[in-house]
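Below: one structure, written as structure tokens.
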Amino acid sequence: PKPQTPNPKPLEKVIEVSPGRLWTNRLIFPKFKFGEKTIDRFPAMSESTEGSLATRYREICDKKGIRINRELFLMLEGVPAEGEISISYVGKSARLFSHRLTDGDSIALAKLFVPVASRIAHLDFSNNNLGLPAMETLAELFPRCENLVSLNLQYNEIGPEGCKKLLTALVALRQKHPSSKLEYLNLEGCRVKTEGLLRVSREEILFEGARSLVSELLENNSSLREFNLGENELEEVGLIELCSQLHPAMNFCSLAVLNLEGLDVKIFSEESAFELSKVVKNNSSLEKLSLSKCRLPDESLIILLKELANTKDSRSCLKVLDLSANKFTYLSCDILGQYLKRPECSLESLFLNHNKLGENGAKLLADALEINRSIVFLNLNYCDINERGLLHIRSMLEANSVIISLQLFWNHFGPTAIKEFYNLLKKNLKISLDFAVESDYLDFKIFELNEEISPLVYVKKPHFLPC
């Protein structure tokens, strides 16, 4: 007789979906066959607590003929019966990559959350397949979410029309609940474009007094602290309208973080760069600005920082400035150095990586940083700095006791620069220095193992060795 294969025990796997909340998931593969019997490795639907969100989600899907997303069902099983609701369903994660949310899932979710909308605090549906139908459905839910703190929809195919639905719902939320708590809104990579952000044309704004959606959202908004609009194909008129709402003379807004990375260089005309410079100069709540991957030329940065470098009445409290992956050269370092030398400079972190600053740019920055006492983090990776420029930076570190982290990966180190930085690390162990070396003339005697020195020196030729 054929021996019977014993039923395998369900394998337990602990999965963390949101901070501070753990539950087990019997999930390896959907089904296994042993002989004639099929064993379902998913927890049985009937095991859910009667009246729980997972049970109600199953009932809604059955009633509307929507396919049940088992990953979503498992996640809803872990939502507590009382207290705030936090859902983090990130489609790019390894576990959820093949089970991304669709427009059909959003229909079930919107109906599911309506009775408990006041408990929703955090929603993260990033990197899924949500489109216009999903925004039309969720737009009916958001005006009820009076305690919503963060909403992350980055890299969904929302489009301009979906953005209009979403922003209209968030404006309705503010009107219905003036004390709403939305602090974080992420629309990066959603292709909202200018028409989705404004809803009206520039002519209607200028000559007919029409109001844009972004102006209604930001008007006297004291709760929103972070707004991510990167990778969204905005046009010049969209950037100017956004800047006008962030200027304290035009509107009171407490926005602290603005992400504009990956915008088209064409929108940064002289007018739009000047409008953005006025925001940086006068807005005392803006602390972090990202303009990375915009391919900006020197002229744009000069306009942006000219007001900060040449005026004494600046109210800027900018702490983090990300200018990485643009087309800046040593010409930009001149105006940037003037700003860094000012005692009013509040910058603490500066990202200049992936710009061709060269030796002259490194010298201008080093001269400014010898005076500056606010910068604590500096990123100069891939800046095409040769050995003479690196020696200027090394001399600056002797005079500057404030910088605690400096990144110099993939610049042109030579034997002299390597030895000078190594000696500096032995003197000052408080500096976290990361750099990479590509050279045929390395003296390996200087790479003595020292347990007190934590940074690593990456040697491309001939091998990798810690220092």
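Just so it is clear, the values below take in all heavy atoms, side chains as well, and ignore hydrogens, waters and symmetry mates. Just so it is clear, the model here is predicted, and its values are computed rather than measured. One is the number of the first residue; the rest follow in order along the sequence.
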| query | Only one of Val192, Leu197, Leu198 clears side-chain contact (heavy atoms from CB on, under 4.5 Å) with Thr194; which? | reply | Leu198
| query | Given Arg199 and Glu216, is the salt bridge (charged side-chain N to carboxylate O under 4.0 Å, His left out) satisfied, shown in steps? | reply | CA-CA 11 Å; Arg199 183 184 56 189; Glu216 293 180 2; 3.2 Å; yes
| query | Does the distance from a Lys or Arg side-chain N to an Asp or Glu carboxylate O, for Glu344 and Arg342, drop under 4.0 Å? | reply | yes
| Ignoring hydrogens and geometry, is there a side-chain-to-backbone donor-acceptor pair from Asn423 to Lys419 under 3.5 Å? | yes
| request: Answer whether the closest heavy-atom distance between the side chains of Lys193 and Glu233 falls below 4.5 Å. | output: yes
| message | Could you walk me through whether Asn152 and Leu123 satisfy the side-chain contact (heavy atoms from CB on, under 4.5 Å) test, starting with their C-alpha distance in whole Å, then the side-chain angles of each, then the deciding distance to 0.1 Å, before giving a yes or no? | response | CA-CA 6 Å; Asn152 187 353; Leu123 292 178; over 6 Å; no
| Residue pairs fulfilling salt bridge (Lys or Arg N to Asp or Glu O under 4.0 Å) with at least one residue in residues 372-397, sequence neighbours excluded | Glu359-Arg388, Arg394-Glu398, Arg394-Glu420
| Roughly how far, to the nearest 0.5 Å, is the CG atom of Leu365 from the CG atom of Leu352? | 6.0 Å
| Partners passing side chain to side chain donor-acceptor pair (under 3.5 Å) against Arg211 (at least two apart in sequence or in another chain) | Glu219
| How many angstroms lie between atom CG of Leu304 and atom CD of Glu299, to the nearest 0.5 angstrom? | 13.0 Å
| request: Could you tell me the separation between the CG atom of Leu350 and the CG atom of Leu323, rounded to the nearest 0.5 Å? | output: 6.5 Å
| query | Is the number of heavy atoms from other residues, nucleotides or ligands within 6.0 Å of CZ (Arg191) greater than 12? | reply | no
| said: Within a 6.0 Å radius of atom NZ on Lys278, are there more than 12 heavy atoms belonging to other residues, nucleotides or ligands? | reply: yes
| said: Whether the side chain of Asn379 engages the backbone of Asn381 through a donor-acceptor N/O pair (distance < 3.5 Å, no angle test) should be reported. | reply: yes
| request: Compare all side-chain heavy atoms of Ile87 with those of Phe113 and state whether any distance is below 4.5 angstrom. | output: yes
| field | Nearest-0.5 Å distance, OG of residue Ser292 to CZ of residue Phe351 | value | 9.5 Å
| Hey, does the side chain of Asn232 reach the backbone of Leu229 with a donor-acceptor pair shorter than 3.5 angstrom? | yes
| So which heavy atom on Leu246 is nearest to which on Cys253, and how close? | CD2-SG, 4.2 Å
| field | Test side-chain hydrogen bond (donor to acceptor under 3.5 Å, both in side chains) applied to Ser324 and His354, step by step | value | CA-CA 6 Å; Ser324 58; His354 293 85; over 6 Å; no
| request: Mind running ring pair (Phe, Tyr, Trp, His ring centres under 6.0 Å) on Phe421 and Phe413 for me, showing each step along the way? | output: CA-CA 10 Å; Phe421 276 105; Phe413 279 85; 5.7 Å; yes
| query | For Leu406 and Leu380, which heavy atoms make the closest approach, and how far apart are they? | reply | CD1-CD1, 4.3 Å
| Phe328 backbone acceptor or donor facing Asn326 side chain under 3.5 Å | no
| query | Quick one: CD on Glu188 to CG on Asn228, what's the gap to the nearest 0.5 Å? | reply | 4.5 Å
| message | Tell me which pairs pass side chain to side chain donor-acceptor pair (under 3.5 Å) where either residue lies in residues 130-145, with sequence neighbours left out. | response | none
| request: Would you indicate whether the side-chain heavy atoms of Asn282 and His247 approach each other to under 4.5 Å? | output: yes
| Residue pair Tyr339 / Leu347, side-chain heavy-atom distance below 4.5 Å | yes
| request: Report the residues that fulfil side chain to side chain donor-acceptor pair (under 3.5 Å) with Glu161, sequence neighbours left out, ordered by chain and then residue number. | output: Lys164
| request: State, without any angle test, whether Ser118 and Asn147 hold a side-chain donor-acceptor pair at a distance under 3.5 Å. | output: no
| task | Check the pair Glu157, Asn129 against side-chain contact (heavy atoms from CB on, under 4.5 Å), reporting the backbone distance first and the verdict last. | result | CA-CA 7 Å; Glu157 296 292 333; Asn129 296 324; over 6 Å; no
| said: Keeping Asn411 on the side-chain end and Cys383 on the backbone end, is there a donor-acceptor pair under 3.5 Å? | reply: yes
| Could you give the distance from CG (Asn156) to CZ (Phe125), rounded to the nearest 0.5 Å? | 9.5 Å
| query | Would you say Tyr89's side chain and Asn128's backbone share a donor-acceptor pair under 3.5 angstrom? | reply | no
| task | Check for a donor-acceptor pair, side chain of Asp124 on one end and backbone N or O of Ser126 on the other, with a separation under 3.5 Å. | result | yes
| note | Correct closest heavy-atom pair for Ile303 and Glu270 would be CD1-CG, 3.8 Å
| Side chain proximity check, Leu357 to Tyr330, heavy atoms < 4.5 angstrom | no
| Test item: Glu241 and Ile205 side chains (from C-beta on) under 4.5 Å apart, heavy atoms | yes
| request: Using the side-chain contact (heavy atoms from CB on, under 4.5 Å) rule, take Leu187 and Leu166 through it: C-alpha gap first, then chi angles, then the decisive distance, then the call. | output: CA-CA 10 Å; Leu187 299 178; Leu166 173 63; 3.5 Å; yes
| said: With heavy-atom distances below 4.5 Å as the criterion, would you say the side chains of Leu289 and Val320 are in contact? | reply: no
| said: Working note: Tyr155 + Cys190, criterion side-chain contact (heavy atoms from CB on, under 4.5 Å); need CA distance, chi angles, decisive distance, verdict. | reply: CA-CA 5 Å; Tyr155 293 107; Cys190 291; over 6 Å; no
| field | Val149 side chain near Tyr184 side chain, heavy-atom distance below 4.5 Å | value | no
| query | Does Leu182 offer a backbone N or O that forms a donor-acceptor pair with the side chain of Ser180 under 3.5 Å? | reply | no
| message | Once side chain to side chain donor-acceptor pair (under 3.5 Å) is applied, what residue pairs with a partner in residues 103-113 remain, sequence neighbours excluded? | response | Thr102-Asp105
| query | Are the side chain of Asn221 and the backbone of Ser223 linked by a donor-acceptor contact shorter than 3.5 Å? | reply | yes
| field | Nearest atoms (heavy-atom pairs only) where His392 meets Ala366 | value | O-CB, 3.6 Å
| message | Taking Lys319 first and then Glu287, would you say they form a salt bridge - that is, a charged N and a carboxylate O separated by under 4.0 Å? | response | no
| message | Minimum heavy-atom separation for Ser346 and Ser316, please, with both atom names. | response | OG-O, 3.7 Å
| query | Which pair of heavy atoms, one from Ile385 and one from Gly358, lies closest together, and at what distance? | reply | CG1-O, 4.0 Å
| side chain to side chain donor-acceptor pair (under 3.5 Å) partners of Ser269, counting only residues at least two apart | Glu236, Ser272
